[in-house]
2 protein chains.
Amino acid sequence: MAVIGIVEDNKKIRDLIQRYLDMQEELQCPVAVDSVEEMLDYLENHDAPDVILMDIQLPGMSGIKGIGIIKQKYPDTEIIMLTIYHDSHKIFDSLVAGASGYLLKHTSLPEIKESIQTLLNGGAPMSPQIARKVIGHFNKPNKKADEDYGLTPREQDIINGLVDGLSYKLIADRFDISIDTVRAHIRNIYKKLHVNSKAEVIAKSLRGEI
Amino acid sequence: MAVIGIVEDNKKIRDLIQRYLDMQEELQCPVAVDSVEEMLDYLENHDAPDVILMDIQLPGMSGIKGIGIIKQKYPDTEIIMLTIYHDSHKIFDSLVAGASGYLLKHTSLPEIKESIQTLLNGGAPMSPQIARKVIGHFNKPNKKADEDYGLTPREQDIINGLVDGLSYKLIADRFDISIDTVRAHIRNIYKKLHVNSKAEVIAKSLRGEI
DNA sequence: ACTGCCATCACATAACTATGTGATATTAAC
DNA sequence: GTTAATATCACATAGTTATGTGATGGCAGT
């Protein structure tokens, strides 16, 4: 009899999954909480579940951070992410943190059950679409032109300034140009990257997407 | 109508798969050869298939080396490995070389067909057991302990919002608090992290320093 | 009861960012 | 020698961010 835990802040979804899993002959789901912190509290006083289903977007600590903490204290507990996020870096971060599977929230209840069994049998549950993104990470270092945004050298300079946390004015000083020129470059960068804030440029850059 | 190619040195298996795939309404398999060299010859004079099923152990060039050569000349052709090897090293090398899927030879004919369709739909066909080994590669690098800035759970939430590229207003909406509260939290975060702009917080966070 | 910390909100203002519109000079490509 | 792309600068303005100052209520520990 495998013991399952759930960390999910949407009460409706949480209850639904818990009731469904608990109903299964070969599973039991004694704990379903809405934050990593609560799960850690629970684990202080109970045996660790065999498998934990974990959301990413949670009140308090994020699910990804939670993976690391839980896996460190209870390394035999396997974690399956169950989330709406399908972007590569969240998937990647989850797996690096120690998750053993990654499902999207549209996954049906029987599929969730099946995924748990896959995991208990030594497999890693994930949809082919997720698998594709995981594989993508293997190819990245090899391919240089990951996606070519056609940034000019000057635009790269400006981006580096942004990533260093500089204001327009400081970037202007660094390259000895006027602040209006900086603005002009940044406008072009935004257009090329399809974003519209410093924050997004910095995020893209630090994720290696530029 | 998707076009499939096969590189496999066991004539019996090769013919079996070719006949089966060719029989399918939506597939055709005009080429099944027993070495990478022969496949390259074929490609000189014909349109590249949409998908190539590739063995690893082959006469002449290995299938893994073949992936690299074929993907370089015909980047739109997807490659699925079909092999007896299930060791992490071969799986890893194949994916790095550019394979989009990895199947073991005990895979049934209908499963092979299904895998091809998965691939054409943007997924990556691989068994859960293979997926598990792929994930294993992500876990190896263990991260160092990060400095404790004494951030409260709420402050972490806000930081996550910033990293997601949200404006104060959107962060306020996400957590259902007022924009002034968001401002207040951000002020405290800046103090704790010794920074004074969104940009720096995002950078710190994405560098794993939080 | 008192203190400290957390989370919430309000008002105010200076500084910075995002965007529109337009212009000039240089250089490489056709 | 015209075109296209790059890099530069200017003015204007709406919107966002950064900071200061101050306040309320909850909760934990002493």
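Lettering of chains follows the sequences in order, A, B, ..., and the numbering in each one begins at 1.
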Considering all heavy atoms, the nearest [X]-[Y] contact:
X        : Y        : value
A:Asp22  : A:Cys29  : OD1-N, 2.8 Å
A:Leu43  : A:Ala48  : CD2-CA, 3.7 Å
A:Asp34  : A:Arg14  : CB-NH1, 2.9 Å
B:Ala199 : A:Lys198 : CB-CE, 4.0 Å

Original post:
Mapping B:Thr152 and B:Arg183 to their closest nucleotides on DNA chain C, which lands nearer the 5' end?
Top reply: B:Thr152
How many whole angstroms separate atom [atom1] of [X] from atom [atom2] of [N]?
X        : N      : atom1 : atom2 : value
A:His185 : D:dA10 : NE2   : C1'   : 14 Å
B:Leu170 : D:dT17 : CG    : C1'   : 14 Å
A:Ile186 : D:dC9  : CD1   : P     : 14 Å
A:Ile202 : C:dT17 : CD1   : P     : 10 Å
A:Lys169 : C:dA15 : NZ    : C1'   : 13 Å
B:Ile159 : C:dA7  : CD1   : P     : 12 Å
B:Leu166 : D:dT16 : CG    : C1'   : 14 Å
B:Leu162 : C:dT17 : CG    : C1'   : 15 Å

Subject >> Residue closer to the 5' end of DNA chain D, A:Lys192 versus A:Ser178 (nearest nucleotide) >> reply: A:Lys192
Taking any heavy-atom pair under 4.0 Å as a contact, classify [X]: base, sugar-phosphate, or nothing.
X        : value
B:Arg187 : base
A:Lys198 : sugar-phosphate
B:Asp180 : base
A:Thr181 : base

**OP:** Can you figure out which of D:dT16, D:dA18, C:dA18 approaches the side chain of B:Ser167 most closely?
**Re:** D:dT16
**OP:** Report the nucleotide, chosen from C:dA7, C:dC9, C:dA18, that has the shortest atom-to-atom distance to any side-chain atom of B:Glu155.
**Re:** C:dA7
Side-chain N or O of [X] less than 4.0 angstrom from OP1 or OP2 on [N]?
X        : N      : answer
B:Tyr190 : D:dA18 : yes
A:Asn196 : C:dT19 : yes
A:Tyr168 : C:dA18 : yes

**OP:** Find the distance between NE2 (A:His86) and OG1 (A:Thr83) and round it off to the nearest 0.5 Å.
**Re:** 10.0 Å
